[in-house]
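Let me begin by presenting the structure, written as structure tokens, before commenting on it.
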Amino acid sequence: MRESTVEPTAVVAADYFQSYSVVGLLAAIGVLFVAVAFGAGRLLRPVAPTPEKLLTYECGVDPVGEGWAHTQVRYYVYAFLYVIFAIDSIFLFPWATVFAAPGYGATTLVEMFIFLGFLAVGLLYAYKKGVLAWT
């Protein structure tokens, strides 16, 4: 019986790149599909610009005044705080599953309290600055 001259690492590398070629092929098909859809839309739609069609349209109300409006910064701060605590809640679920695994209890508990401490300091800072007061 004759032994194969192909190295096992070469076979693994070929399988590895073959799986990425499938991903690349699907990405190319997706880009092609979007390009064909946009091209067909551009070729098939009627083009009849009028001044009314070129106006800014928002919620069925004709635009009045300038396009500049003063926006309260506090709404962005509330959104930012929401994102911070949403990330916190996303981080808590995997932590809880790792904490339940044997051998990880004390380490993950300390890591989580450090993480929650940083969040608490940030929340305390926001409270002291008056960011959380709705006025």
Side-chain angles (χ1 to χ4, degrees):
M1 187 168 191
R2 190 170 181 185
E3 290 187 29
S4 174
T5 59
V6 177
E7 295 281 333
T9 56
V11 173
V12 171
D15 289 341
Y16 179 77
F17 288 118
Q18 183 181 3
S19 63
Y20 272 111
S21 65
V22 171
V23 172
L25 179 66
L26 286 174
I29 289 172
V31 168
L32 182 66
F33 180 75
V34 170
V36 167
F38 275 110
R42 186 175 198 114
L43 290 174
L44 297 175
R45 71 177 180 224
V47 180
T50 62
E52 289 82 20
K53 288 183 181 180
L54 296 177
L55 282 177
T56 304
Y57 181 79
E58 183 176 344
C59 302
V61 178
D62 291 331
V64 177
E66 296 182 23
W68 171 256
H70 183 70
T71 305
Q72 295 289 332
V73 175
R74 68 173 178 237
Y75 298 124
Y76 293 111
V77 173
Y78 287 122
F80 185 65
L81 288 172
Y82 170 76
V83 168
I84 289 173
F85 287 103
I87 291 171
D88 177 36
S89 65
I90 290 170
F91 186 64
L92 285 175
F93 179 73
W95 170 76
T97 57
V98 169
F99 184 68
Y104 290 103
T107 305
T108 55
L109 188 64
V110 169
E111 288 174 352
M112 184 48 63
F113 276 117
I114 290 171
F115 178 72
L116 290 175
F118 280 122
L119 286 176
V121 167
L123 187 62
L124 183 65
Y125 176 78
Y127 178 75
K128 291 284 187 184
K129 285 292 192 177
V131 171
L132 301 177
W134 188 271
T135 56

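Just so you know, these numbers come straight off a predicted model, no measurement behind them.
- For Lys129, the side chain to side chain contact (heavy atoms under 4.5 Å, CB included) criterion is met by Tyr125, Val131, not counting sequence neighbours.
- When hydrophobic side chains of Ile, Leu, Val, Met, Phe, Trp and Tyr are connected at separations under 4.5 Å, Val121 ends up as a singleton with no cluster partners.
- Listed by chain and number, the hydrophobic cluster partners of Leu26 are Val22, where partners are ILVMFWY side chains within reach of under 4.5 Å, directly or through others.
- Every side chain to side chain contact (heavy atoms under 4.5 Å, CB included) that Phe113 has, sequence neighbours left out, goes to Leu109.
- Interatomic distance, CG of Leu123 versus CG of Leu116, reported as 11.5 Å (0.5 Å rounding).
- For Thr50, the side chain to side chain contact (heavy atoms under 4.5 Å, CB included) partners are Glu52, Lys53, not counting sequence neighbours.
- The 12-atom threshold is exceeded at CZ of Phe85, counting heavy atoms of other residues, nucleotides or ligands nearer than 6.0 Å.
- The hydrophobic cluster around Val110 extends to Ile114, Phe118, counting ILVMFWY residues whose side-chain heavy atoms fall within less than 4.5 Å of a member.
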